[in-house]
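Here is the naming used below: chain letters follow the sequence lines, and residue numbers restart at 1 for every chain.
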Amino acid sequence: MSYLDDLYQEIILDHSKKPRNFKELSDANHKADGYNPLCGDKVSVYLKLEDGFVEDISFMGSGCAISTASASLMTQTLKGKSLGEIETLFKNFHNLVTGKSSASTELGKLAVFHGVSQFPVRVKCATLVWHTLQAAIKSKPETVSTE
Amino acid sequence: MRTGQQIIASGRYQTLNPWLEVEKIREDFPIFKEKIYGKPLVYLDNAATTQKPQSVIDATIHFYSRDNSNIHRGVHLLSQRATEAYEHARVKVQRFLNAAESREIIFVRSVTEAINLVAQTYGRKHVEAGDEVLISAMEHHSNIVPWQMLCEEKGAALRVIPINDDGELLLEEYEKLLNSQTRLVAVVHLSNALGTINPVKEIIEMAHQWKVPVLVDGAQAAAHLEVDVQDLDCDFYAFSGHKLYGPTGVGILYGKADLLDSLPPYQGGGDMIRSVTFEKTIYNVLPYKFEAGTPNVAGGIGLGVAIDYVNEIGLSNIAAYENELLSYATEQLCGIPRLRFIGTAHQKASVLSFVIEGVHAHDVGTILDQEGIAVRTGHHCAQPVMARFQVPATARASVAFYNTRDEIDVLVKAIHKVIEVFK
Ligand SMILES: Cc1ncc(COP(=O)(O)O)c(C=O)c1O
């Protein structure tokens, strides 16, 4: 497989075209907006946290295939997860897309993003939604940025 | 909005087929020996910065290895040589813009600095609460933010000339916006985001009827259009060396001598003074009044050599060749399904901005990069333009005289690949 095929895997293309959990969450108790000034990608994460667990999560926004698919797959993966698990997942995900380590089993479907590591300028596309999620958990009212 | 087919059908592009030995020209640019992922470099990001001919690179090396010293200071031979070379470059710029006098040519760092200089000198002196500064809807951030900062400081208002769906300025609206409170008009000559060539001469004439001076942002225009500041009758004209095949870190502000003379200095420091005591400082004459501190000497000399290079080919030949190439590229791209041009003005140069339905510009950029093609993707430092066309970003191919039809063919093939990936 070429680097390009590795980056744009079927599952990523599918999620970028038909993003899951792509809506506002009316009963969210945490929300944050993320913005990548470099390419103009915007994402909002809506989070319903109950006793430290993700009861529900969704996102809205506009961005490239990588950032949209990353948001879509992240929301799918995180439902029912605890804050502690989220922290570990983000660390693993970050290591994966920056090429610091290969996919761990708990990453599940998120492992498809390993191709990003060959494209350093695209790492921020994959991680924007995760940074935004962190801000949502802390419920910072202001827009977060990947810069 | 006009489609690509309509653009071609309107016959605006004449097939001039000018005689330009592009293969030979390409040999002057060492970067074209570079391979990108093992493929030949197809450099179509000229609006961001242009490549440098060997002569410019050599001039910089020559300066540092043979003439290096500070200018306007020493009596020693090296300082004389450096000063002479630098001042000679100023004269080359003067001739290039057809300015009346060389003291009207101020060396700055870039267009960005040139505009900030005007905002901080002319703006500080003449713009007051209730006044208005007029810019257009297609400005680069560097011709928006300095005016916003000034207007905020002064309690003045920033007014914006709107554009139509083709990316052309609405001159009727412009006329209505001019009034007795207008203190300055600042417009781009050739838009980096849309490729539109603005009718700056007309714009200037209209402003002058209100005795309002005009600053023209020539960042893109300098490399693609013949510029005659006396014919335009513009009050300020700015361009950057790096977009004109010269080094980075050097730019030019042209200003009419009387106007410049009447303004307070920009930065304080060495070289811009005639005498300093703790009680009073007397400023130097033009252009030095605006050139505080040690400038980018090698950059200025390199810019002079870049101008020599461009003159050798001739800007009219360059413009004709590029126009033909742009027309070819437009024709080839407009047949691609799902591709839409952003910026379809009647008068255009160099720039093809486009979006592909269902594909983000960033993904287009990554796939083209893998084919060795350098284009710019994003908002091109013109977020208000993106907002006007309701797109988050575009992909932008911008041609220079060293680009070829073959390279356009490589681009077209790669775009088909993008569409294939994002079926
Ligand atoms: C139209 C326009 N104006 C201003 C600038 C700013 O030029 P610089 O970054 O060299 O100051 C650019 C560069 O992209 C431009 O295209």
Side-chain angles (χ1 to χ4, degrees), chain A residues 1-19 22 33-44 59-72 97 99 112-129 143 145-147, chain B residues 36-39 45 48 140-142 144-145 193 338 342 353-396 410 413-423:
Chain A
M1 253 202 297
S2 72
Y3 287 151
L4 215 50
D5 297 332
D6 241 10
L7 181 67
Y8 294 114
Q9 299 201 31
E10 268 314 314
I11 174 161
I12 290 180
L13 292 173
D14 176 56
H15 277 259
S16 78
K17 275 180 233 161
K18 288 175 292 191
F22 188 70
D33 301 316
Y35 177 57
N36 181 346
L38 207 65
C39 52
D41 285 358
K42 282 188 190 129
V43 68
S44 300
F59 80 102
M60 291 288 286
S62 69
C64 64
I66 304 302
S67 76
T68 307
S70 177
S72 175
V97 296
V112 295
F113 288 98
H114 72 266
V116 173
S117 65
Q118 292 299 333
F119 297 84
V121 296
R122 305 303 300 271
V123 169
K124 284 182 177 175
C125 307
T127 55
L128 174 64
V129 73
T143 297
S145 150
T146 54
E147 292 302 286
Chain B
I36 307 296
Y37 311 115
K39 295 172 181 158
D45 196 16
H140 186 278
H141 293 164
S142 63
I144 302 174
V145 184
R338 292 161 55 191
I342 304 293
S353 234
F354 60 89
V355 291
I356 298 171
E357 194 198 313
V359 193
H360 192 278
H362 219 174
D363 297 306
V364 176
T366 291
I367 296 176
L368 298 192
D369 176 52
Q370 291 289 304
E371 300 298 318
I373 304 166
V375 297
R376 173 88 185 265
T377 58
H379 53 59
H380 317 296
C381 295
Q383 287 180 357
V385 174
M386 301 296 112
R388 168 66 178 76
F389 288 93
Q390 297 180 330
V391 292
T394 75
R396 179 189 70 189
V410 174
K413 221 171 128 193
I415 293 174
H416 278 293
K417 189 164 175 179
V418 172
I419 288 172
E420 181 59 29
V421 172
F422 287 88
K423 282 195 287 286

Looking at B:K413, I'd like to know if its NZ atom is crowded, meaning that more than 12 non-hydrogen atoms belonging to other residues, nucleotides or ligands lie closer than 6.0 Å.
no
For the pair A:F119 and A:Y3, name the ring-plane relationship: parallel under 30°, tilted 30 to 60°, perpendicular over 60°.
perpendicular
Answer with side chain, backbone, both or neither: which region of B:H362 has an atom nearer than 4.5 Å to a non-hydrogen atom of chain A?
both
Side chains of A:D5 and A:S2 only: does a donor on one sit below 3.5 Å from an acceptor on the other?
yes
Is there a donor-acceptor contact under 3.5 Å linking the side chains of A:D41 and B:H360?
yes
Per-residue contact mode, A:L7 against chain B (heavy atom under 4.5 angstrom)
side chain
Is it the backbone or the side chain of A:K42 that comes under 4.5 Å from a heavy atom of chain B, or both, or neither?
neither
Can you tell which of B:V421, B:V364, B:T377, B:D363 has the highest number of heavy-atom pairs within less than 4.5 Å of chain A?
B:D363
